[in-house]
Amino acid sequence: MHVVLGVTGGIAAYKVALLLRLLKESGHDVTVVPTQSALRFVGEPTWAALSGRPVATDVWTDVHDVPHVRIGQSADLVIVAPATADLLAKAAAGLADDLLTNTLLTARCPVVMAPAMHTEMWEHPATQDNVATLSARGVHIVPPASGRLTGADTGPGRLPEPEELFAVCERELARAAAPSDQTAGGDPAAASTADPRADLAGLRVVVTAGGTREPLDPVRFLGNRSSGKQGVALAAAARDRGADVTLVLAHGEVDPPTGVDVVSVSTALELKTATETAVAGADVVIMAAAVADFRPAHYADRKIKKTHDPGDPDAAPTIELVRNPDILAGLVTQRGSTPRPLIVGFAAETGDDTGSVLDLGRAKLERKGCDLLVVNEVGTDKTFGRDDNTVHILRRGQHEPVADLGPAGKDVIAHGILDAVVAAVTTG
Ligand code: C5P
């Protein structure tokens with residue numbers, strides 16, 4: 001396969017030399033297209049020696065060969081790593097002022113971008129908007145990892161390890177090489193707008209989203225602050241990646257996406273019934289809903305009066321609660337020893353005296369027995385209702401997270417979670 005490796009001007013360019021080596025060792029032809037700033041970090045001889053090919057650095061060399069068009073047209077995959085904030089902005093705007101941006105405009109193959117930059121630059125709304133635009137156009141954004149940055153500072157913005165980027169490239173190439181029902185003989189206009197990441201094609205995915213409401217009387221309920229945004233973003237992302245999606249949707253602030261089957265529910269018990277029905281024959285279940293752990297033991301048919309005790313006008317009623325079933329744990333039990341469906345749970349944790357957010361997540365994964373657990377840190381100003389999110393993904397049997405994502409838009413996080421789902425489905 002012919003891979004174009006775009007390198008932009010970030011210090012993480014040095015890590016990309018190893019990605020080039022991995023691509024070459026697995027038999028790919030790689031054309032490296034570094035920007036001028038990238039060459040200040042890692043020079044042309046390194047790229048030429050490792051790729052075994054001349055390095056294409058500008059649109060004015062070998063003009064007879066029309067490199068600004070040919071390189072993109074002939075690629076089976078383009079990966080840009082690291083992708084700076086500047087490159088993301090240019091690509092989102094469709095600028096073409098150097099060889100790499102020209103290549104991006106002419107490429108019709110899958111495109112992967114691995115942003116890496118300082119946390120402030122990554123979190124800036126301009127960068128996040130550009131990432132959302134590129135992601136909506138079908139660019140596979142590999143979210144940056146959290147950790148040590150150039151200096152002593154740490155935070156999200158690190159380029160993921162070369163092995164991880166290599167695995168993404170291999171998956172994209174395998175997917176692109178596989179015959180796809182989606183585009184074959186289909187409407188070419190629809191095909192050109194379809195997300196090129198059809199790595200969930202042929203899979204049935206069930207997503208639960210939103211917060212349940214447990215009624216107390218005809219006007220009151222016990223609820224929670226879930227907006228449903230992350231679950232809805234997951235359903236939309238899974239649809240874009242070719243899955244047949246059922247969204248079991250409780251209460252929230254966002255409308256369901258088009259192109260998915262929606263089952264509306266209100267209470268935990270309704271969500272349980274709907275999910276158990278939807279799960280039959282499903283390949284993946286993602287339990288993003290915030291399910292109430294308790295519900296009122298008694299439902300009052302009539303509105304509970306403020307002054308319910310004639311002998312004591314200031315008395316307040318005591319509400320007795322009963323436990324709701326743990327739907328996620330029930331799905332794990334019901335699945336037994338069969339590999340399908342792959343079950344993904346969510347954990348909203350604040351961390352406490354008994355352990356960090358990750359420690360609590362590990363214990364929850366153990367308790368629930370699901371395959372992946374998406375752990376997010378919550379607090380009064382975090383996660384609920386916001387458009388961005390920060391999560392760690394734990395996989396059963398592995399101590400360290402398989403991915404640390406964000407802060408990033410919930411649509412980018414959704415794709416990062418689906419990357420982990422695809423990896424888990426592929427490796428069993
Ligand atoms: O135990 P906790 O509520 O923190 O677990 C969260 C995960 O379990 C989420 O995936 C949520 O959808 C699921 N859950 C459930 N049934 C419950 C409570 C939570 O399936 N009663």
Side-chain angles (χ1 to χ4, degrees), residues 205-215 221-235 238 245-252 263-279 282 284-297 321-335 341-352 354-379 382-384 389 391-396 401 405 410 413-414 417-418 420-421 424:
V205 175
V206 176
V207 181
T208 69
T212 63
R213 287 183 183 174
E214 310 300 318
F221 57 82
L222 299 181
N224 59 63
R225 298 176 58 207
S226 172
S227 67
K229 287 180 182 173
Q230 187 63 75
V232 166
L234 273 160
V245 180
T246 301
L247 174 62
V248 179
L249 185 59
H251 300 275
V263 185
S264 296
V265 295
S266 186
T267 66
L269 293 180
E270 286 170 14
L271 191 137
K272 177 175 186 290
T273 308
T275 307
E276 286 172 355
T277 306
V279 142
V284 179
V285 185
I286 305 178
M287 289 289 297
V291 184
D293 292 317
F294 310 102
R295 67 178 183 277
L321 299 176
V322 291
R323 281 288 287 266
N324 271 329
D326 189 320
I327 303 162
L328 176 62
L331 292 175
V332 171
T333 310
Q334 198 181 317
R335 175 182 67 174
L342 183 97
I343 302 176
V344 184
F346 270 67
E349 301 290 357
T350 52
D352 60 22
T354 61
S356 69
V357 166
L358 267 185
D359 291 337
L360 295 174
R362 288 186 187 104
K364 183 161 290 180
L365 179 57
E366 186 70 25
R367 238 181 7 256
K368 301 245 183 188
C370 51
D371 303 292
L372 295 171
L373 190 76
V374 180
V375 185
N376 54 15
E377 202 167 334
V378 293
K382 289 184 185 150
T383 302
F384 287 117
N389 203 357
V391 306
H392 311 280
I393 305 178
L394 294 171
R395 185 166 176 183
R396 189 150 49 94
L405 309 173
K410 287 184 173 172
I413 297 285
I417 293 170
L418 292 179
V421 166

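Counting convention: from 1, in listed order, for ligands and their atoms alike. We're numbering straight along the sequence, starting at 1.
- Lys272 meets the side-chain contact (heavy atoms from CB on, under 4.5 Å) test with Glu276, Pro325, Ile327; sequence neighbours excluded.
- With Ser266 as the fixed residue, the side chain to side chain donor-acceptor pair (under 3.5 Å) test singles out one of His251, Arg213, Glu214: His251.
- No more than 12 heavy atoms of other residues, nucleotides or ligands shown are found within 6.0 angstrom of CD on Glu366.
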(request) Verify side chain to side chain contact (heavy atoms under 4.5 Å, CB included) between Gln230 and Val374, making sure each step is shown before the conclusion. (result) CA-CA 11 Å; Gln230 187 63 75; Val374 180; over 6 Å; no
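- Pocket lining of ligand 1, defined as residues with a non-hydrogen atom under 4.0 Å away: Met287, Ala289, Val291, Ala292, Asp293, Pro325, Asp326, Ile327, Leu328, Gly345, Phe346, Lys364, Lys368.
- Taking 4.5 Å as the limit, every side-chain heavy atom of Asn324 sits out of range of all side-chain heavy atoms of Thr267.
- A salt bridge links Arg335 to Asp371: one of the charged nitrogens lies within less than 4.0 Å of a carboxylate oxygen.
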